[in-house]
Amino acid sequence: MNSRITQFLGSLALVTVLAGCMPQAEQSDRPESALEFPLPDRPVSTITSNQFSNEDARDDRGEAQKVMDLANIGEGMTVADIGAGEGYYTVRLAERVGEAGRVLAQDIDRDALERLGRRVEKERLENISIKLGEVDDPQLPNSSFDRIFLVHMYHEVSEPYAFLWRLWPALTEGGQVIVVDTDRPTDRHGMPPKLLFCEFDAAGYRLMEFLEKPDIKGYFARFERADTRPEPGAIKACSLNKE
């Protein structure tokens with residue numbers, strides 16, 4: 001593990017200081033299945049459009065190819081694309097893993113998934129499956145995925161502790177969660193790295209790699225499961241010290 005990761009991990013203890021964030025959601029607004037988990041002590045970004053009009057611009061800077069290379073995506077792997085929208089990463093992952101691999105595209109936006117389904121059918125991508133998720137549960141089968149992608153979406157997850165806790169069993173032995181996001185406040189469609197590290201740590205993950213990547217307009221983070229995950233009631237919400 002490089003020195004930058006060590007520095008960030010050492011800062012986790014500082015992340016639990018109250019941030020004075022925007023008000024949390026009312027308990028009555030939460031799914032019943034999430035109530036045993038803490039709410040995030042931070043704003044949650046509103047979900048943005050899932051339209052894929054910027055795919056050409058993203059390809060011009062080689063975003064997906066660079067991220068897939070960093071994530072070591074290869075033939076025959078099984079990958080989940082969470083918050084898939086209309087499939088920018090989904091279709092490129094499907095090409096990379098090949099006929100022997102599988103890609104599961106998941107989103108909580110039913111309309112976006114319907115549009116993705118039409119795209120998959122039109123492009124005859126037979127190694128893609130599509131699944132509707134929940135805000136607190138990605139609804140993934142256990143021990144099934146070599147990589148799980150969370151690309152520019154984690155800051156929109158309103159129940160991050162329940163979501164990450166239920167994501168944990170879906171990884172295969174040696175499986176990894178790949179996060180691509182931007183270092184800016186969570187109410188501005190970003191995720192400060194220290195807060196990301198703390199929330200993953202709280203839900204039972206270890207940081208393996210963190211890279212600042214201006215060429216993809218964000219950062220790349222790689223996590224693996226810790227040996228155990230905590231009981232839901234033992235999870236404490238993370239906060240950033242407001243500087």
Side-chain angles (χ1 to χ4, degrees), residues 1-2 4-13 15-16 33-34 36-38 40 67-74 76-84 89 93 96-97 101-107 129 131 133-181 191-211 219-238:
M1 184 176 295
N2 62 37
R4 184 167 181 83
I5 293 177
T6 303
Q7 177 185 354
F8 275 119
L9 289 175
S11 68
L12 288 179
V15 179
T16 56
S33 55
E36 60 183 330
F37 296 89
V67 171
M68 290 189 294
D69 288 346
L70 289 169
N72 308 118
I73 302 300
M77 295 181 73
T78 303
V79 182
D81 181 16
I82 309 299
Y89 271 86
L93 285 165
R96 177 71 72 95
V97 301
R102 296 293 302 174
V103 177
L104 175 65
Q106 186 262 44
D107 206 293
S129 301
K131 186 175 182 62
E134 303 291 342
V135 297
D136 65 328
D137 189 349
Q139 302 277 327
L140 301 181
N142 289 350
S143 304
S144 296
F145 297 96
D146 304 308
R147 300 288 186 273
I148 298 175
F149 276 59
L150 310 177
V151 179
H152 293 299
M153 59 75 66
Y154 181 71
H155 52 264
E156 298 175 353
V157 178
S158 60
E159 295 286 350
Y161 299 104
F163 175 88
L164 290 175
W165 194 87
R166 294 184 172 123
L167 189 75
W168 196 94
L171 290 167
T172 58
E173 187 70 28
Q176 301 167 3
V177 180
I178 305 300
V179 180
V180 176
D181 220 310
M191 189 71 193
K194 288 192 292 186
L195 188 53
L196 177 78
F197 302 160
C198 184
E199 292 187 353
F200 268 75
D201 179 74
Y205 296 83
R206 284 190 291 260
L207 176 67
M208 298 175 65
E209 184 178 26
F210 175 78
L211 298 169
Y219 59 75
F220 172 94
R222 184 200 309 263
F223 297 87
E224 65 179 2
R225 292 188 303 196
D227 295 334
T228 59
R229 61 177 175 168
E231 291 299 319
I235 297 174
K236 303 299 181 185
C238 301

Visitor: Let me check something: any side-chain donor-acceptor pairs from residues 161-173 under 3.5 Å, sequence neighbours excluded? List them with distances.
Guide:
| unit_1 | atom_1 | unit_2 | atom_2 | d |
| --- | --- | --- | --- | --- |
| Tyr161 | OH | Cys238 | N | 2.8 |
| Trp165 | NE1 | Pro230 | O | 2.7 |
| Arg166 | NH1 | Ser33 | O | 3.3 |
| Arg166 | NH1 | Asp136 | O | 3.3 |
| Arg166 | NH1 | Asp136 | OD2 | 3.0 |
| Arg166 | NH2 | Ser33 | O | 2.7 |
| Trp168 | NE1 | Gly204 | O | 2.6 |
| Thr172 | OG1 | Phe145 | O | 3.3 |
| Thr172 | OG1 | Asp146 | OD1 | 3.2 |

Visitor: Identify the two heavy atoms, one from Glu199 and one from Pro160, that lie closest to each other, and give their separation to 0.1 Å.
Guide: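 Smallest interatomic distance, heavy atoms only, reads OE1-CB, 3.9 Å.
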Visitor: For the CG atom of Asp181 and the CD atom of Glu156, what is their distance to the nearest 0.5 Å?
Guide: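 Interatomic distance, Asp181 CG to Glu156 CD, rounded to 0.5 Å: 9.0 Å.
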Visitor: Using 0.5 Å steps for rounding, measure from the CD1 atom of Ile148 to the CG atom of Leu104.
Guide: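 Separation between the atoms: 9.5 Å.
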Visitor: Apply side-chain contact (heavy atoms from CB on, under 4.5 Å) to residues Val79 and Tyr89 and explain how you reach the verdict.
Guide: CA-CA 11 Å; Val79 182; Tyr89 271 86; over 6 Å; no
Visitor: Would the distance check show the side chain of Arg206 and the main-chain N or O of Arg225 forming a donor-acceptor pair, the cut-off being under 3.5 Å?
Guide: yes
Visitor: Below 30° counts as parallel, above 60° as perpendicular, anything between as tilted: where do the rings of Phe197 and Phe210 land?
Guide: perpendicular
Visitor: Quick one: are Val157 and Ile82 in side-chain contact, heavy atoms under 4.5 Å?
Guide: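 Val157 does not reach Ile82 side chain to side chain.
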Visitor: Between Gln106 and Pro138 (side chain of the first, backbone of the second, donor and acceptor by atom type, cut-off under 3.5 Å), is there such a pair?
Guide: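 Checking the backbone N and O of Pro138 against the side chain of Gln106, a donor-acceptor pair under 3.5 Å is found.
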Visitor: Can you tell me how the ring of Phe223 sits relative to the ring of Phe200, calling it parallel under 30°, perpendicular over 60° and tilted otherwise?
Guide: parallel
Visitor: Drop me the distance from Arg96's CZ to Asp69's CG, to the nearest 0.5 angstrom.
Guide: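 Separation between the atoms: 4.5 Å.
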Visitor: Using side-chain hydrogen bond (donor to acceptor under 3.5 Å, both in side chains) as the criterion, list what pairs up with Ser144, not counting sequence neighbours.
Guide: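 Ser144: no side-chain hydrogen bond (donor to acceptor under 3.5 Å, both in side chains) contacts found.
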Visitor: I need the Glu209 CD to Arg222 CZ distance, nearest 0.5 Å.
Guide: 4.5 Å
Visitor: Side chains of Asp201 and Leu207: closer than 4.5 Å at any heavy-atom pair?
Guide: no
Visitor: Can you tell me how far CZ of Phe220 sits from CG of Leu70, rounded to the nearest 0.5 angstrom?
Guide: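 Going from the CG atom of Leu70 to the CZ atom of Phe220 covers 5.0 Å.
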Visitor: For the pair Arg147 (side chain) and Met68 (backbone), establish whether a donor and an acceptor sit closer than 3.5 Å, ignoring hydrogens and angles.
Guide: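 Between the backbone of Met68 and the side chain of Arg147 there is no qualifying donor-acceptor contact (under 3.5 Å).
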Visitor: To the nearest 0.5 angstrom, please state how far the NZ atom of Lys131 sits from the CG atom of Leu140.
Guide: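 Those atoms lie 8.0 Å apart.
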